[in-house]
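Below, chains carry the letters A, B, ... as their sequence lines are ordered, and counting in each starts from 1. Note: hydrogens, waters and symmetry copies are ignored here, and every other heavy atom, side chains too, is used.
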Amino acid sequence: MNRSDLEALAQRELQRQQAFRCRILCCASTPCLSSGATAVYDAINAAIKEGELDAEVQAVSTGCMGPCSRGPMVTVQVKDEGEFIYEHVSPEVGRQLVTYHARSAASPAEELPEPLRTRLLPSDMPFFAKQKKVVLSNSGLIDPERLEDYVARGGYAALAHALREMTPEEVCREIINSGLRGRGGAGYPTGLKWDMVRKARGDKKYVIANGDEGDPGAYMDRTLMESDPHRVLEGMAIAGYAVGADQGYIYVRGEYPIAAKRLERAIRTAERRGLLGSRILDSNFNFRIDVRIGAGAFVCGEETALMASIMGRRGQPTPRPPYPAQSGLWGKPTLINNVETFGNIAPIIQNGAEWFASIGTAKSKGTKIFALAGKVATTGLIEVPMGITLREIVYDIGGGIPNDLAFKAAQTGGPSGGCIPAQYLDTPVDYESLKALGSIMGSGGLIIMDEHSCMVDVAKFFMEFCMDESCGKCVPCRVGTVQMHRLLERITDGSATLQDLETLKELCVMVKETSLCGLGQSAPNPVLSTIQYFLDEYEAHIRERRCPAGVCTLEKTPVTEWVHA
Amino acid sequence: MSVVTLTINDELVSAQEGQTLLSVLQERGIEVPTLCHLDGLSERGGCRLCMVEMEGTGRLQAACVTQVQEGMVVHTHSERLVKYRRMILELLFSERNHVCAVCVMNGHCELQWEAAQIGMDHVRYEYLNPDLPMDASHERFVIDHNRCILCTRCVRVCDEIEGAHVWDVMGRGVNSRVIADLNQPWGTSQSCTSCGKCVQVCPTGALFSKGATVAEMEKQHNFLRWILDGREKKIWSYENGK
Ligand SMILES: Cc1cc2nc3c(=O)[nH]c(=O)nc-3n(C[C@H](O)[C@H](O)[C@H](O)COP(=O)(O)O)c2cc1C
Ligand code: SF4
Ligand code: SF4
Ligand code: SF4
Ligand code: SF4
Ligand code: FES
Ligand code: FES
């Protein structure tokens with residue numbers, strides 16, 4: 001396949017889609033699947049068949065549309081009428097959608113027949129209006145299992161452009177100029193990393209996409225891989241061209257079978273069409289991609305542990321330097337980026353670095369995907385421009401806190417991050433501002449908490465996670481996390497003294513400064529940040545043996561008390 | 001090989017490029033505690049006792065896995081470092097069941113010695129008191145998991161020097177455990193040559209010879225140097241080396 005074949009393929013597919021009067025997009029991403037999306041899709045297809053509507057109506061199984069807690073989600077696109085987005089669609093409602101939209105022009109929203117009316121989401125809903133979709137621009141609109149769908153929306157055009165019009169150095173320069181920073185957590189400038197690997201000397205180089213995503217509750221990367229797998233592959237191929245690699249690996253967490261399956265399938269179709277593999281798009285560039293499945297250890301998301309795992313070794317971090325860019329997989333220069341980072345590449349190459357750099361703040365460019373969870377009316381997957389305030393995310397996109405309760409804190413960065421209290425709701429969400437508040441951007445976990453959340457309990461939850469996930473290689477993290485967890489348990493069960501709080505603080509700082517890898521170095525963050533903003537809650541547990549949020553049952557007493565009694 | 005100059009504890013020091021910081025410290029007689037490092041084995045960087053302060057970055061770095069660099073400014077015994085080393089030792093003592101008074105290595109143990117050096121006289125953390133077994137199935141040696149600090153010296157010596165790779169680590173975090181072959185009794189291991197190298201390099205009372213009783217076990221690991229120097233100089237018998 002060459003460039004004009006690619007354009008012809010896109011044209012053919014567009015014409016095919018435009019032949020339908022009505023396209024019914026059914027979400028088939030994990031959250032919706034678990035609320036019964038398969039049955040809905042089947043019912044819609046059956047209704048099309050029964051009504052002999054095959055020529056007019058097309059049912060498409062797509063990726064995530066965003067408001068996952070309202071699933072199964074269905075979007076109906078009607079020619080000349082626009083889009084209708086429905087929530088909580090049952091198989092029965094699905095059938096009615098077909099019969100209603102296939103024939104007559106839809107009446108105004110408020111006059112829709114029941115049960116469609118109550119399930120229709122308002123077209124100006126802030127949940128959608130305040131988002132900006134760059135990485136997720138295809139998610140929920142295309143069938144992730146069809147290469148044609150991706151190509152029809154401009155897929156692989158960026159790769160074709162890079163291969164024909166740009167030198168590897170120019171590609172790196174473009175990414176540097178865009179200001180893109182790594183979305184895996186640390187925010188390292190992506191272009192600089194690429195340029196380092198490009199300049200590194202080596203007969204063989206590798207590209208790795210990190211899709212391990214171990215943060216509890218986060219599912220940005222899973223959604224991207226499930227909803228638009230070709231976008232990740234295209235980003236990796238462009239990276240391979242830019243750094244001079246001919247082999248890529250995409251490391252997918254073992255708990256993500258659908259993502260792995262869709263990626264495998266996408267790789268095979270792209271190879272068959274000459275978009276991956278040998279002589280890509282009739283150029284001299286060769287690039288193979290293989291999927292590697294993780295076994296579900298959080299630490300295997302850390303880059304050196306991930307590479308050990310790919311090489312078949314025990315997934316344990318090794319000290320850096322040497323950095324992967326110098327000596328990575330099998331000692332060769334290796335580029336490793338998060339899958340969302342790769343998801344940004346094609347749009348940057350297609351629309352230019354300036355376009356990308358115009359989104360976001362001075363030092364944080366582009367958009368960020370968050371898995372919005374916790375106490376907001378609509379939870380789900382959102383993509384927002386960098387610099388949006390937390391208030392806009394919570395109150396506009398999330399629809400505010402249910403039951404008229406007050407916002408208490410937002411947790412970002414999962415077990416490596418921290419809690420941001422209400423007085424900072426107007427902080428812009430970017431790498432620097434979150435760091436200044438003692439939290440981190442992280443990979444995109446965002447949990448909203450109301451007055452009924454106990455901050456000590458939250459800190460304990462994340463510490464338990466780190467304790468369970470510590471690989472055990474270094475002492476401060478292996479034993480320190482257990483001891484910090486014990487101290488937090490004492491605080492929440494009523495047996496702690498003020499001395500224990502001091503011991504906890506001291507341990508936090510020591511573990512942070514002496515641990516070998518990022519897991520241990522950031523494990524104390526949730527504790528440190530809750531102590532910083534909610535010290536009164538810690539003290540209420542210890543001095544008054546009372547949990548202000550009413551979560552902990554403080555039934556024990558400090559040892560010292562019964563010794564003295 | 002080129003020479004680099006660095007500053008250690010306010011003194012200018014020259015070293016060979018490619019040397020680890022720890023080897024420079026040891027050459028100059030600056031004592032930093034180490035437990036996972038052992039001359040002759042690959043580095044692990046796991047015990048974190050050898051951490052030193054780097055001026056400029058403000059970050060701590062493990063000396064055993066840090067290469068010397070021109071212009072490095074290093075402090076090895078700041079108040080913070082000594083405090084952290086003590087805390088790490090306390091964590092190690094809290095992790096498993098160390099009862100020195102009844103231990104075969106009492107008086108010769110590296111963990112005990114480091115604790116004494118730093119003046120660690122009590123442990124402020126809760127003892128985890130894990131329920132761990134002792135494996136005496138090997139005809140000559142015993143492994144007592146109650147005393148193991150997971151330094152993996154045994155794993156490395158058996159793999160890198162003896163070439164048998166009997167030992168490895170199973171599980172993660174505080175549940176990590178050193179295992180023989182496929183997690184079977186050591187005595188049933190088909191790959192163990194009974195060379196005893198792992199016993200000699202183990203810093204604690206976790207690996208010891210059968211028959212040793214309280215405070216009787218002493219270990220020798222200079223054999224590692226003999227083997228490595230011998231290999232390098234192609235000296236194949238002990239007499240020739242003299
Ligand atoms: C304990 C730990 C877990 C990590 N997990 C992930 C992960 O699941 N996904 C990811 O992309 N990066 C993860 N990282 C960060 C990676 O080490 C690495 O920095 C990242 O993949 C680089 O990609 P980026 O520059 O595109 O962000 C983790 C780091 C640590 C310390
Ligand atoms: S910090 Fe924790 S996860 Fe990282 S190497 Fe040390 S023990 Fe393993
Ligand atoms: S191994 Fe060392 S520290 Fe542990 S009990 Fe024996 S002598 Fe004491
Ligand atoms: S005795 Fe020798 S071969 Fe056996 S486990 Fe120890 S080092 Fe390995
Ligand atoms: S058995 Fe000894 S050498 Fe092996 S890990 Fe445990 S303490 Fe270290
Ligand atoms: S999974 Fe269906 S909307 Fe997110
Ligand atoms: S001796 Fe350096 S970390 Fe153990």
Check whether [X] reaches the backbone of [Y] with its side chain - one donor and one acceptor, N or O, closer than 3.5 Å.
X: A:S529; Y: A:G438; result: no
X: A:N525; Y: A:S416; result: yes
X: B:R156; Y: B:C151; result: yes
X: B:T34; Y: B:H37; result: no
X: A:Q483; Y: B:E126; result: yes
X: A:R490; Y: A:A496; result: no

| said: Counting heavy-atom pairs closer than 4.5 Å to chain B, which one of A:D468, A:V299, A:T503 comes out on top? | reply: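 Between A:D468, A:V299, A:T503, the count favours A:D468.
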| message | Among A:S515, A:C466, A:G315, A:P321, which residue has the highest count of heavy-atom pairs closer than 4.5 Å to chain B? | response |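 That would be A:S515.
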| query | Distance under 6.0 Å and angle within 45° of the ring axis: does A:R320 meet both against A:Y323? | reply |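 Not satisfied by the 6.0 Å and 45° rule.
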[X] versus chain B, the contacting section by heavy-atom distance below 4.5 Å:
X: A:L507; result: both
X: A:P319; result: side chain
X: A:T514; result: both
X: A:V511; result: neither
X: A:D500; result: neither
X: A:E469; result: both

| Per-residue contact mode, B:R80 against chain A (heavy atom under 4.5 angstrom) |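 Just its side chain gets close to chain A.
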| Picking from B:V65, B:L49, B:L128, which has the most non-hydrogen pairs under 4.5 angstrom with chain A? |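 Greatest number of close heavy-atom pairs with chain A: B:L128.
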